Amino acid sequence: MIKSTTIVGLSGSLRKASSNTKLLKYTEKKIKLINDGVHFSFGNIDIPLYNDDLEKEKGMPESVLKLGDMLSRASGIIISTPEYNKGISGALKNCFDWMSRLKPNPFTSKTIAIVSATDGRSGGERSQYMLRMCLTPFDCNIIQSPEVLIGHSSRAFNQVGDLTDEKSNELLNKLLEKFLAQSSI
């Protein structure tokens, strides 16, 4: 019996016009071209700030449980991170703090691909490094290369949301090929 592959995308930015969300939507489109049988979902990290008192008084928030369940069922996870002050966003770190409270942990043993889009020239190098460090306790399979770093992101996509740089597309294709091979069941 062949199981379907389910991929969850997490955008580290909560902005409506986020380049990282745009990059994930473009990534979804590329994945569907490679394998139209892959199911792609977007996880919502707009969850309450982690507070141990909240958990003790009211239990896990429903939004945290819903995200945890979605990640648990995923074959693989793609995280698109912005770079805020040389690191990941507070929203993304908060997501990890909540997910660390779930048993079993939804990130454990998952294949994870990292991409980033920033309006600066580095494309999110520092945030990718920090993201790898934040994922270390979860014992997941992070694909280390190629690094997909989209600099000057406000100019990187055309009107329909396609990434226009040829080299960035080549790197994204290579990353997705490795990711899908390791995420398939």
Side-chain angles (χ1 to χ4, degrees), residues 5-29 31 38-120 122-143 148-150 153-154 157 161 179 183:
T5 301
T6 301
I7 305 302
V8 172
L10 297 177
S11 174
S13 175
L14 302 178
R15 283 187 316 114
K16 289 178 188 170
S18 162
S19 339
N20 284 280
T21 302
K22 195 178 284 189
L23 180 54
L24 276 178
K25 288 178 180 176
Y26 180 67
T27 300
E28 176 188 19
K29 193 186 306 187
I31 287 172
V38 172
H39 177 72
F40 195 100
S41 298
F42 289 85
N44 182 7
I45 68 166
D46 193 1
I47 54 182
L49 285 175
Y50 177 75
N51 180 335
D52 190 51
D53 291 339
L54 175 65
E55 181 183 351
K56 286 177 182 166
E57 292 168 14
K58 298 181 181 178
M60 288 284 177
E62 185 62 33
S63 56
V64 171
L65 293 172
K66 183 177 178 182
L67 178 61
D69 182 58
M70 177 185 271
L71 294 170
S72 291
R73 289 184 283 113
S75 305
I77 302 165
I78 300 174
I79 303 173
S80 187
T81 181
E83 187 167 289
Y84 292 176
N85 300 306
K86 303 186 187 309
I88 65 172
S89 67
L92 194 52
K93 175 65 170 79
N94 184 57
C95 167
F96 299 145
D97 292 341
W98 274 115
M99 293 304 111
S100 74
R101 306 295 299 151
L102 299 177
K103 306 295 181 239
N105 187 280
F107 287 108
T108 301
S109 301
K110 297 291 181 193
T111 297
I112 297 181
I114 297 172
V115 295
S116 57
T118 66
D119 216 25
S122 74
E125 253 180 328
R126 292 179 196 105
S127 63
Q128 283 203 18
Y129 180 76
M130 183 180 176
L131 178 53
R132 285 175 170 80
M133 295 292 291
C134 289
L135 289 168
T136 300
F138 300 123
D139 193 26
C140 45
N141 173 28
I142 303 168
I143 298 176
V148 177
L149 306 155
I150 309 302
S153 61
S154 62
F157 299 91
F179 174 74
S183 298

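What you see is a predicted model, and the numbers here were worked out from it, not measured in a lab.
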Under the rule for ring-ring contact (aromatic ring centres under 6.0 Å, His included), what residues qualify as partners of [X], not counting sequence neighbours?
X	answer
Phe157	none
Phe42	Phe40
Tyr50	Trp98

Are the side chains of [X] and [Y] in touch, meaning some heavy atoms are under 4.5 Å apart?
X	Y	answer
Asp119	Ser19	no
Leu65	Asp69	no
Ile88	Cys134	yes

Kindly determine whether Ile31 and Thr27 satisfy side-chain contact (heavy atoms from CB on, under 4.5 Å), including the steps that lead there.
CA-CA 6 Å; Ile31 287 172; Thr27 300; 4.1 Å; yes
Classify the angle between the aromatic ring planes of Phe107 and Phe138 as parallel (below 30°), tilted (30 to 60°) or perpendicular (above 60°).
tilted
Within the distance-only criterion (no hydrogens, no angle test), does the side chain of [X] pair as donor or acceptor with the backbone N or O of [Y] below 3.5 angstrom?
X	Y	answer
Ser18	Leu14	no
Ser116	Gly123	yes
Ser89	Ser13	no

Take Leu10 and Leu67, measure what side-chain contact (heavy atoms from CB on, under 4.5 Å) needs, and give me the verdict at the end.
CA-CA 10 Å; Leu10 297 177; Leu67 178 61; 4.0 Å; yes
Looking only at heavy atoms, what is the nearest atom pair of [X] and [Y], with distance?
X	Y	result
Leu71	Lys110	O-CE, 3.2 Å
Gly68	Leu102	CA-CD1, 3.7 Å
Gly76	Ser183	CA-OG, 3.8 Å

Quick check: are there more than 12 heavy atoms from other residues, nucleotides or ligands sitting under 6.0 Å from NZ of Lys56?
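It does not: Lys56 NZ has 12 such atoms or fewer within range.
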Using a 6.0 Å cut-off, check whether atom CE of Met60 has over 12 heavy atoms from anything other than its own residue.
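Buried by this count: over 12 neighbours within 6.0 Å.
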Can a donor-acceptor pair be found between the side chains of Ser11 and Thr21 at a distance below 3.5 Å?
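Yes, because at least one side-chain N or O of Ser11 sits under 3.5 Å from a partner of the opposite role on Thr21.
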Just by distance, no angles: are the side chains of Glu83 and Thr118 close enough, under 3.5 Å, to form a donor-acceptor pair?
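Absent: no donor and acceptor within the cut-off.
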Can Asn20 and Ile150 be said to form a side-chain contact (heavy atoms from CB on, under 4.5 Å), step by step?
CA-CA 9 Å; Asn20 284 280; Ile150 309 302; over 6 Å; no
As an exercise, state the distance from CG of Asn94 to CG of Asp46, rounded to the nearest 0.5 Å.
9.5 Å
Determine, stepwise, if the pair Arg73 / Thr6 fulfils side-chain contact (heavy atoms from CB on, under 4.5 Å).
CA-CA 8 Å; Arg73 289 184 283 113; Thr6 301; 6.0 Å; no
